[in-house]
Amino acid sequence: MLGIVGYLGVVPTAVAYGAYFLGLRHAGATAAALATMLEPLTATLLAVAFHDERVTAAGVGGAVLIAGALGLYYVPSRGGSRAQPLR
């Protein structure tokens, strides 16, 4: 049993962070910052969905701010060129 717990603690974490850092290596500064901010938001949404966690008003406000920043990243600039999406 301890071996399974150790495996689940090390292998999926190593694979997830390896993929995460590989993706950050190929992203621009803005995309990397947004991806970094989305990580705790994603974890929170998964905790709410699968573990019946409760989110406070401050948590909802923070989630709205992060989602708004991501939305603004995809809005075209006034010069007519579109912002580059996450790669």
Side-chain angles (χ1 to χ4, degrees):
M1 180 69 168
L2 187 58
I4 293 172
V5 172
Y7 171 83
L8 290 175
V10 173
V11 175
T13 302
V15 170
Y17 274 103
Y20 177 71
F21 288 124
L22 181 66
L24 286 180
R25 193 178 310 167
H26 299 289
T30 304
L34 287 172
T36 303
M37 288 189 301
L38 285 174
E39 183 186 8
L41 177 60
T42 303
T44 301
L45 293 175
L46 289 172
V48 168
F50 294 108
H51 296 291
D52 200 30
E53 294 284 330
R54 302 286 183 245
V55 181
T56 64
V60 172
V64 168
L65 288 173
I66 292 171
L70 183 63
L72 287 175
Y73 180 67
Y74 283 102
V75 171
S77 66
R78 292 182 187 202
S81 64
R82 292 188 56 87
Q84 294 296 317
L86 293 172
R87 299 179 214 181

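Here the structure is a predicted model, which is why all the values come from computation and not from measurement.
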Subject >> Atom of A27, atom of A32 and distance for their closest heavy-atom approach >> reply: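 Here A27 and A32 meet closest at CB-N, 4.2 Å.
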Subject >> Hydrophobic cluster identity match, L45 and L38, side-chain contacts under 4.5 Å >> reply: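 Cluster IDs for L45 and L38 match.
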**OP:** State plainly whether one hydrophobic cluster holds both Y17 and L24, where clusters connect Ile, Leu, Val, Met, Phe, Trp and Tyr through side-chain heavy atoms under 4.5 angstrom apart.
**Re:**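 Yes, same cluster.
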**OP:** With rounding to the nearest 0.5 Å, note down the distance linking CG in L70 to CG in L41.
**Re:**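 Between L70 CG and L41 CG, I get 9.5 Å after rounding to 0.5 Å.
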Subject >> Separation of T44 OG1 from E39 CD (nearest 0.5 Å) >> reply: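 Output value for this atom pair is 10.5 Å.
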Original post:
Within a radius of less than 6.0 Å around CG of L8, do more than 12 heavy atoms belonging to other residues, nucleotides or ligands occur?
Top reply: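 Yes, because the 6.0 Å sphere around CG of L8 holds more than 12 heavy atoms from other groups.
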Original post:
Can you find a pair of side-chain heavy atoms, one from T36 and one from Y20, that are under 4.5 Å apart?
Top reply: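 Side chain of T36 against side chain of Y20, heavy atoms only: contact under 4.5 Å found.
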